[in-house]
Asker: 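One structure coming up, written as structure tokens, with questions to follow.
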Amino acid sequence: MTESAGHPASDQSPFAGRRVVLGVSGGIAAYKAVLLCRLLVDAGAHVMPVMTAAAQKFVGRATFDALASERVRTSMFGEDDPIPHTTLGQRADVVIVAPATARLIGSYAAGISDGLLTATLLATQAPVVVCPAMHTEMWEHPAVQHNLDVLAGRGVHIVVPTDGRLAGGDIGTGRLAEPETIFEAVAAVLAAEAAADHTRQPESKRDDFTGMTVTVTAGGTREAIDPVRFIGNRSSGKQGYAVATAARDRGAAVTLITSASLPAPAGVTEVRVESAAEMEAAVRERSGADVIVMAAAVADFRPADVAPHKIKKGELGDADTVPQIVLEQTTDILAGLGAAKLAGQVLVGFAAETADVLDNAADKLARKNLDVMVANDVSADGAGFAHDTNIVTILLADGTVRPMSKCSKREVADAVLDAVAALRR
Ligand code: CTP
């Protein structure tokens, strides 16, 4: 039933021979699932489509019947297979839901099986990629965001919607990601699974950092104004701790230089620091490490003079005189490491950005002579400070750009270490 492929699948394709359940729920964006189906089939995937009843109001099942590798399934009952949901779930290498409505996301998060698609999602052990699409108000509703956080916390990959024209002519966030973006995100999930499968083999279990020293920094530094006050930032340290934990699990001897107040992971050498200057000194002592990951949010500026006592109201004259804090620049620790990089050493930076994310990150990667840069849009929903999830793009010095869907900080950590391990080989 497969239409002839426009682009023949190469053996390198992460989709070659992989079984993909493509779940389509009811939304105007269902037409994009047709294009996604075509991309997947062209890449060599075996696509098994599942449509909800509502989806069939937007796209006819005949379209998917013609394009996919198997006939569309729509119901738990009345088709050849008495238990289609477990059969599909067990056969799948990955399950995609595109578009995923608020209702579908809610049912999945709550564990409610109210149709073949939700039943398949609950029955599968395969990785799941959920691609929401809905009106902006629904997308921003705390219930929807909470459900997505619940799913992401369980390891479900979320491909976030974009801004643009929505049903009814409205403009806003909630537009299904483009089929190519979803395709790339699923490719990354399959590639990561393949790598994890490989490392699950007994002879090469996750010990690819054995014998390596890894220095990780985490947390936001605090720059004293006086003995009581400081200038800080919103970094929680969670991403750096996840990197330290993952490196430890993969066999590295890890030093974690941290200004965060989280408990140190067992088996990791912890060095507590407060200011950028203390962090710089601690990093310098461990600058011979094989791998250095600067996940800390190091202050760029600090008060030029630190008052030796608590600054009191009125001490500068009359009660209305406010102290002026003059700032000076701190040392760029990572740029210093990059300028003196040792042979074979791998340097990783994190770029916390709120605009022009990839351009700024690529610029910092080159400027600081890094090998890997993790670009992080800290203003995106479910990303950045304090969240347990993150949405990052991994950039390599050779120009590789690897976008990741929303996932746990541990998954980001492992993807970063996968990139480091490949460079060390
Ligand atoms: N960094 C560092 N020392 C500093 C500032 C930043 O080592 N004084 C490191 C961070 O740990 C991070 C990377 O540099 O890994 C990028 O940090 P970021 O704050 O995003 O960039 P900046 O270099 O400060 O640039 P900008 O002010 O333009 O954002």
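Both counts, for ligands and for their atoms, begin at 1 and track the order of listing.
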Asker: Run the numbers for me: atoms of ligand 1, each under 4.0 Å from some heavy atom of Thr330, listed by number.
Answerer: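 Result: 8 (N).
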Asker: Salt-bridged, Lys368 to Asp363, with N to O below 4.0 Å?
Answerer: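 Looking at Asp363 together with Lys368, the answer is no, because their closest N to O distance does not fall below 4.0 Å.
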Asker: Return yes or no for this condition: an N or O of Asp300 is under 3.5 Å from an N or O of ligand 1.
Answerer: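 Yes, since at least one N or O of Asp300 sits under 3.5 Å from an N or O of ligand 1.
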Asker: Less than 4.0 angstrom from a charged side-chain N to a carboxylate O is my criterion; do Lys312 and Asp226 meet it?
Answerer: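 A salt bridge is absent here (no side-chain N lies under 4.0 Å from a carboxylate O).
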Asker: Nearest to atom 7 (O) of ligand 1, what protein heavy atom do you find, and at what distance?
Answerer: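 Of the protein heavy atoms, Leu334 N, 2.8 Å lies nearest.
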Asker: Any ion pair linking Asp332 and Arg367 (charged N to carboxylate O, less than 4.0 Å)?
Answerer: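 No, this pair does not count.
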Asker: Would you mind running through ligand 1 and noting each atom that sits below 4.0 Å from a heavy atom of Gly349?
Answerer: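 Every atom of ligand 1 under 4.0 Å from some heavy atom of Gly349: 15 (O).
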Asker: Report the part of Ala299 (side chain from C-beta onward, or backbone N, CA, C, O) that has a heavy atom under 4.0 Å from ligand 1; answer both or neither where that applies.
Answerer: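 Under 4.0 Å from ligand 1, Ala299 contributes backbone atoms alone.
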Asker: In terms of residue, atom name and distance, what is the protein heavy atom nearest to atom 2 (C) of ligand 1?
Answerer: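 For atom 2 (C) of ligand 1, the nearest protein heavy atom is Asp332 OD1, 3.4 Å.
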Asker: May I ask you to say whether Lys313 pairs ionically with Glu315, meaning some side-chain N is under 4.0 Å from a carboxylate O?
Answerer: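 No, this pair does not count.
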Asker: Tell me whether the count of non-hydrogen atoms from other residues, nucleotides or ligands lying under 6.0 Å of CG in Asp114 goes above 12.
Answerer: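 Above 12, so yes.
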Asker: Identify, for atom 15 (O) of ligand 1, the protein heavy atom at the shortest distance, and state residue, atom and that distance.
Answerer: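 Going atom by atom, the protein heavy atom closest to atom 15 (O) of ligand 1 ends up being Met294 O, 2.7 Å.
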Asker: Tell me which protein heavy atom sits closest to atom 11 (O) of ligand 1, plus the residue, atom name and distance to 0.1 Å.
Answerer: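 Residue, atom and distance for the closest contact: Ala296 O, 2.8 Å.
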Asker: Looking only at heavy atoms of Ala351, does any of them come nearer than 4.0 Å to an atom of ligand 1?
Answerer: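 Yes.
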Asker: Is the closest basic N to carboxylate O distance between Asp208 and Arg425 below 4.0 Å?
Answerer: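 Between Arg425 and Asp208 there is no salt bridge, as every charged N stays at least 4.0 Å from the carboxylate O atoms.
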Asker: Please lay out, stage by stage, how Ser287 and Glu285 fare under the test side-chain hydrogen bond (donor to acceptor under 3.5 Å, both in side chains).
Answerer: CA-CA 6 Å; Ser287 57; Glu285 272 186 38; over 6 Å; no
Asker: From atom 23 (O) of ligand 1, work out which of Lys364, Arg302, Lys368 has a heavy atom at the shortest distance.
Answerer: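 Closest candidate by heavy-atom distance is Lys368.
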Asker: Which residue and non-hydrogen atom of the protein lie closest to atom 8 (N) of ligand 1, and at what distance in Å?
Answerer: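 For atom 8 (N) of ligand 1, the nearest protein heavy atom comes out as Thr331 O, 3.0 Å.
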Asker: In terms of residue, atom name and distance, what is the protein heavy atom nearest to atom 3 (N) of ligand 1?
Answerer: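 Among all protein heavy atoms, the one nearest atom 3 (N) of ligand 1 is Ile333 N, 3.0 Å.
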Asker: Tell me whether Glu353 is salt-bridged to Lys364, with the criterion being a basic N under 4.0 Å from an acidic carboxylate O.
Answerer: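 A salt bridge links Glu353 with Lys364.
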Asker: Note the single closest protein heavy atom to atom 13 (C) of ligand 1, along with its residue, its atom name and the distance in Å.
Answerer: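 Result for atom 13 (C) of ligand 1: Phe350 O, 3.4 Å.
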Asker: Has Gln125 got more than 12 heavy atoms of other residues, nucleotides or ligands less than 6.0 Å from its CD?
Answerer: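 No - once you tally the heavy atoms of other residues, nucleotides and ligands closer than 6.0 Å, there are 12 at most.
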